[in-house]
Amino acid sequence: MGGGAGESNVEVLHSGVLDTLGKEITDGRLPTGHVLTLDLLEERFGVSRTVVRESVRVLQSMGLVTSRRRVGITVQPRRSWNVFDPRVIWWRLAGEGREAQLRSLTELRIAVEPLATADAARNASGEVRSRVVELSSMMRAKGEAGELDDFLELDIEFHTALLRTSGNEMFEALADVVAVVLRGRTQLGLMPHQPVPRALDLHERAAHAVANARSEEAEDAMRELLAEVRDAVVPVWGNPPVGK
């Protein structure tokens, strides 16, 4: 039992170090080329070498840093990052690069989700077809009641279902990315207090088109829905992202 508690404490410490460094890198506070050392990180965070090494290992897996003997831990340029990692997305949404990240992610969704929805209309099982209609109805009820937390979970399930039943493994792999975008918009206060009626209508239209295997209508509805999303986030968009 004691060993489990120790592992849990290490995990908590590792998470804190990882989140702090991840945010500082994606924010630019630790710029490209900046060099860190294990000793400095141990001293800064007051944690063990094990915790620091594990945090650095995860940052390496995301492409945010490289670690070499006699050189140290070097912050990498944005082009090296795994920009589809949900943690990288969250750090960018929560930081000073929020506007550029919102632009990138919204444009990705516009490019992918209409086609994924059309594919879902062709490929979804009967169970999924019924479920998306049910979800869209529940979303209307929760949205009109202003119950945003419940609305968010339904919205994530709705979009995840369409991506994962598209039959395209590339689209399916983006389900977690879309989920973190939806969660981020809500938790960072970038959603209206109530979903706009047009968005609720378009969710239902897309759902019914999928349920009835009308692929062109499903694609059009999702494209219109994401155009509404784009218009909603345009006011907070800054300059387009540039490489560091």
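Remember, predicted model here, so these are calculated numbers, not experimental data. Note that these values count all heavy atoms, side chains included, but never hydrogens, waters or copies made by symmetry.
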Quick one: does any side-chain atom of Asn212 pair with a main-chain N or O of Arg214 as donor and acceptor, under 3.5 Å?
no
I'd like to know if the side chain of Arg129 reaches the main chain of Ala121, judged simply by a donor and an acceptor atom lying under 3.5 Å from each other, with no hydrogens or angles considered.
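Confirmed, Arg129 side chain pairs with Ala121 backbone.
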Which atoms form the tightest heavy-atom contact between [X] and [Y], and what is the distance?
X	Y	value
Leu108	Phe84	CD2-CE2, 3.7 Å
Ile110	Pro114	O-CD, 3.2 Å
Pro86	Val180	O-CG2, 3.8 Å
Ala175	Leu163	CA-CD1, 3.7 Å
Phe171	Ser166	CB-OG, 3.6 Å
Ala218	Ala209	N-CB, 3.5 Å

Give every residue pair that meets the ring pair (Phe, Tyr, Trp, His ring centres under 6.0 Å) criterion with at least one member in residues 199-224, sequence neighbours excluded.
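The answer is Phe158-His203, His159-His203.
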Partner residues of Ala179 under the side-chain contact (heavy atoms from CB on, under 4.5 Å) criterion, sequence neighbours left out:
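Here the qualifying residues are Ile156.
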Going by the rule side-chain contact (heavy atoms from CB on, under 4.5 Å), which residues pair with Thr20 if we only count those two or more places apart in sequence or in a different chain?
Glu24, Arg44, Phe45
Can you name the side-chain hydrogen bond (donor to acceptor under 3.5 Å, both in side chains) partners of Thr66, sequence neighbours left out?
Gln76
Report the residues that fulfil side-chain hydrogen bond (donor to acceptor under 3.5 Å, both in side chains) with Glu147, sequence neighbours left out, ordered by chain and then residue number.
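side-chain hydrogen bond (donor to acceptor under 3.5 Å, both in side chains) list for Glu147, sorted by chain: Lys142.
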Salt bridge (charged side-chain N to carboxylate O under 4.0 Å, His left out) pairs, two or more places apart, involving residues 159-170:
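Applying salt bridge (charged side-chain N to carboxylate O under 4.0 Å, His left out) to every pair that reaches into residues 159-170, excluding sequence neighbours, yields Arg164-Asp176.
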Could you give all pairs that pass the salt bridge (charged side-chain N to carboxylate O under 4.0 Å, His left out) test and reach residues 195-204, with sequence neighbours left out?
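Sorted result for residues 195-204: Arg140-Asp201, Arg140-Glu204, Arg198-Glu224.
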List the residues meeting salt bridge (Lys or Arg N to Asp or Glu O under 4.0 Å) with [X], not counting sequence neighbours, and say none if there are none.
X	result
Lys23	none
Glu96	none
Arg49	Asp39, Glu42
Glu157	Arg131

Test side chain to side chain contact (heavy atoms under 4.5 Å, CB included) on Leu41 and Ile73; report intermediate values, then the result.
CA-CA 10 Å; Leu41 292 174; Ile73 302 151; 4.0 Å; yes
Indicate if [X] and [Y] have the same hydrophobic cluster label, given that clusters are the connected sets of ILVMFWY residues with side-chain heavy-atom separations under 4.5 angstrom.
X	Y	result
Leu38	Leu30	yes
Leu162	Val128	yes
Val133	Met139	no

Quick one: [atom1] on [X] to [atom2] on [Y], what's the gap to the nearest 0.5 Å?
X	Y	atom1	atom2	value
Leu225	Leu200	CG	CG	9.5 Å
Leu18	Trp91	CG	CH2	4.0 Å
Leu59	Ser67	CG	OG	10.5 Å
Leu115	Arg223	CG	CZ	6.5 Å
Leu226	Leu202	CG	CG	9.5 Å
Thr160	Leu174	OG1	CG	11.0 Å

Hey, are the side chains of [X] and [Y] touching, using non-hydrogen atoms and a 4.5 Å cut-off?
X	Y	result
Val178	Arg109	yes
Met222	Arg205	no
Thr106	Val181	no

Test salt bridge (charged side-chain N to carboxylate O under 4.0 Å, His left out) applied to Arg103 and Glu107, step by step:
CA-CA 6 Å; Arg103 175 189 286 273; Glu107 290 176 349; 3.6 Å; yes
Restricting to pairs with a member in residues 116-127, which pass side-chain hydrogen bond (donor to acceptor under 3.5 Å, both in side chains), not counting sequence neighbours?
Asp119-Arg122, Arg122-Ser215
Just do the side chain to side chain contact (heavy atoms under 4.5 Å, CB included) check on Val17 and Val56 with the steps written out, would you?
CA-CA 9 Å; Val17 174; Val56 170; over 6 Å; no
